[in-house]
Chemist: 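Structure provided below as structure tokens; questions to follow.
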Number of protein chains: 2
Amino acid sequence: MPQAEQDRSVFRAIADPTRRAILDRLRKGPAPVNELASAFAQSRPAISKHLRILRELNVVSERRQGRERVYQLEPAELKDVADWILPYRGFWQQSLGNLKSYLENE
Amino acid sequence: MPQAEQDRSVFRAIADPTRRAILDRLRKGPAPVNELASAFAQSRPAISKHLRILRELNVVSERRQGRERVYQLEPAELKDVADWILPYRGFWQQSLGNLKSYLENE
DNA sequence: ATAATATGTAACCGAATGGATACGCATTAT
DNA sequence: ATAATGCGTATCCATTCGGTTACATATTAT
């Protein structure tokens, strides 16, 4: 049987720590590739591949500016992650509440 | 050069859609493996492998009950995801705010 | 015109991923 | 005692992943 269709969701995009770091950097504002790549001990083409994945999943956008390509955060897709994690928040908030009442009853 | 050290964070755990679905199911309460597996068109050993990954990353716990293994959500580790996504929330909330004031000024 | 800079793509490689099937081992049912 | 059930593990396989080096292309500097 052929492998199940691959997951092309934003969850794959953020699965890699390098890509998460790129996104974290872009929160501070747009940046060209060289600046992004300078933060990592990887070759620049490796960063280009990460950027491509982020681009294809629409988590970043790119605009050409002279000979540079400036990347910008496009956080809309990340909302899927926030929406997914949302119902879990109740769990550890509840645990904190339990701890609180536990401590109060001691 | 040897591959960079692998990412064993919870972000890897939730990168796979099957594993996310398992976690979503466990939000409703603990369940034995057969019940979890019945929701997917995969073999049971495949689900066992997913469960092992979730176990090793401490996103679920397992207790033996007769010949069943009951899995339970352990959401503490998922807080890492919530914490990571948190600073991004401002972006689309801000966009919504911009839209709101834009509409109000029309 | 030529050189340097910025960046993407192609080809390649080893490791990890996600699946399958075959098997083993407890536990429960008969 | 034997069979059936529940589930993990071993092994295998194709695909994907994340990295590399070599190369191509566009833009800017000299």
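Model, not experiment: these values are computed from the prediction. The figures here come from the full heavy-atom set of this structure, side chains too, leaving out hydrogens, waters and symmetry mates.
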Chemist: Figure out the CZ/C1' separation between B:R12 and C:dT17, and round it to whole Å.
Modeler: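 These atoms are roughly 9 Å apart.
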
Chemist: For DNA chain D, find the residues of residues 62-73 of chain B with a heavy-atom distance under 4.0 Å and give them by number; none if there aren't any.
Modeler: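 Here the set is B:R67, B:E68, B:R69, B:Y71.
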
Chemist: Just jot down the side chain to side chain contact (heavy atoms under 4.5 Å, CB included) partners of B:E56, sequence neighbours excluded, or say none.
Modeler: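 Once residues adjacent in sequence are excluded, the partners of B:E56 under the side chain to side chain contact (heavy atoms under 4.5 Å, CB included) criterion are B:R52.
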
Chemist: For the helix from C:dA1-D:dT30 to C:dT30-D:dA1, how many degrees between its two end axes (five pairs per end), to the nearest 10°?
Modeler: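 Taking the rotation axis at each end, their angle is 10°.
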
Chemist: For B:R67, what residues pass the side chain to side chain contact (heavy atoms under 4.5 Å, CB included) criterion, not counting sequence neighbours?
Modeler: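 Testing B:R67 for side chain to side chain contact (heavy atoms under 4.5 Å, CB included), a comparison that skips the adjacent residues, returns none.
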
Chemist: Taking salt bridge (Lys or Arg N to Asp or Glu O under 4.0 Å) as the definition, give me every residue that meets it alongside B:R69, ordered by chain and number, with sequence neighbours left out.
Modeler: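 So B:R69 forms a salt bridge (Lys or Arg N to Asp or Glu O under 4.0 Å) with B:E62.
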
Chemist: To the nearest 0.5 angstrom, please state how far the CD1 atom of B:I85 sits from the CG atom of A:L86.
Modeler: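 It comes to 11.5 Å.
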
Chemist: Could you state whether A:L26 and B:F91 fall into the same hydrophobic cluster, counting links through intermediate Ile, Leu, Val, Met, Phe, Trp or Tyr residues with side-chain heavy atoms under 4.5 angstrom apart?
Modeler: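 Linked, A:L26 and B:F91 end up in one cluster.
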
Chemist: Pairs under 3.5 angstrom, nitrogen or oxygen only, protein versus nucleotides 11-13 of chain C, please.
Modeler:
none

Chemist: Can you tell me the distance, in whole Å, between the CG atom of B:D16 and the P atom of D:dT15?
Modeler: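 Distance, rounded to whole Å: 18 Å.
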
Chemist: OG/A:S61 to CG/A:L54 distance, rounded to the nearest 0.5 angstrom?
Modeler: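 One finds 11.0 Å between OG of A:S61 and CG of A:L54.
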
Chemist: Is it true that a side-chain atom of B:R12 and a backbone atom of B:D16 form a donor plus acceptor pair closer than 3.5 Å?
Modeler: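 Looks like no, no N/O pair under 3.5 Å.
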
Chemist: Among residues 51-61 of chain A, which ones have heavy-atom contacts with DNA chain D below 4.0 Å?
Modeler: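 Those residues: none at all.
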
Chemist: Starting at CG of B:L78, measure out to CZ of A:R89 and round the result to the nearest 0.5 Å.
Modeler: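 Between B:L78 CG and A:R89 CZ, I get 11.0 Å after rounding to 0.5 Å.
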
Chemist: Of all the nucleotides listed (D:dT21, C:dA20, C:dT7), which has the minimum atom distance to the side chain of B:S43?
Modeler: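 From the listed options, C:dA20 comes nearest.
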
Chemist: Are B:V60 and B:R55 close enough that some pair of their side-chain heavy atoms sits under 4.5 Å apart?
Modeler: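 Yes; the side chains approach each other to less than 4.5 Å.
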
Chemist: Which ring pair (Phe, Tyr, Trp, His ring centres under 6.0 Å) pairs, counting each pair once, include a residue from residues 20-50 of chain A, with sequence neighbours left out?
Modeler: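 Qualifying pairs: none.
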
Chemist: B:R44 CZ to D:dT5 P: how many Å, rounded?
Modeler: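 Checked: the CZ to P distance equals 13 Å.
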
Chemist: What residues form a side chain to side chain contact (heavy atoms under 4.5 Å, CB included) with B:A37, not counting sequence neighbours?
Modeler: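 Side chain to side chain contact (heavy atoms under 4.5 Å, CB included) list for B:A37, sorted by chain: B:R44, B:I47.
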
Chemist: At what distance, to the nearest 0.5 angstrom, does CZ of A:R19 lie from CG of A:D24?
Modeler: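 Those atoms lie 13.5 Å apart.
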
Chemist: Quick one: does any side-chain atom of A:R20 pair with a main-chain N or O of A:A15 as donor and acceptor, under 3.5 Å?
Modeler: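 Yes, because the side chain of A:R20 sits within donor-acceptor range (under 3.5 Å) of the backbone of A:A15.
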
Chemist: For A:P45 and A:A15, take the nucleotide of DNA chain D holding the closest heavy atom to each; which residue's nucleotide lies nearer the 5' end?
Modeler: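 Closer to the 5' end of DNA chain D: A:A15.
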
Chemist: Listed in order of residue number, which residues of residues 19-34 of chain A have a non-hydrogen atom at under 4.0 Å from DNA chain D?
Modeler: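 DNA chain D contact set from residues 19-34 of chain A: A:R19.
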
Chemist: Taking atom C1' of D:dC13 as reference, at what distance in whole Å does atom CD of B:Q42 sit?
Modeler: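 From B:Q42 CD to D:dC13 C1': 16 Å.
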
Chemist: Within the pair B:S48 and D:dC7, is there a side-chain N or O less than 4.0 Å away from OP1 or OP2?
Modeler: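 Result: no.
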
Chemist: I need the full list of ring pair (Phe, Tyr, Trp, His ring centres under 6.0 Å) pairs touching residues 57-86 of chain A, with sequence neighbours left out, sorted by first then second residue.
Modeler: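 Those involving residues 57-86 of chain A are A:F11-A:W84, A:W84-A:Y88.
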
Chemist: Reckon B:H50 has a side-chain N or O less than 4.0 Å from the OP1 or OP2 of C:dT17?
Modeler: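 Answer is no, no contact under 4.0 Å.
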
Chemist: With sequence neighbours excluded, what pairs up with B:D80 under the side chain to side chain contact (heavy atoms under 4.5 Å, CB included) test?
Modeler: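 B:D80 satisfies side chain to side chain contact (heavy atoms under 4.5 Å, CB included) with B:V10, B:E77 once adjacent residues are dropped.
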
Chemist: Taking a hydrophobic cluster as the set of Ile, Leu, Val, Met, Phe, Trp and Tyr residues connected by side-chain heavy atoms closer than 4.5 Å, whether directly or through intermediates, do A:V59 and A:I53 fall within one such cluster?
Modeler: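 Same cluster.
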
Chemist: What is the nucleic acid contact for B:A46, judged by heavy atoms within less than 4.0 Å: base, sugar-phosphate only, or nothing?
Modeler: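 Sugar-phosphate only.
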
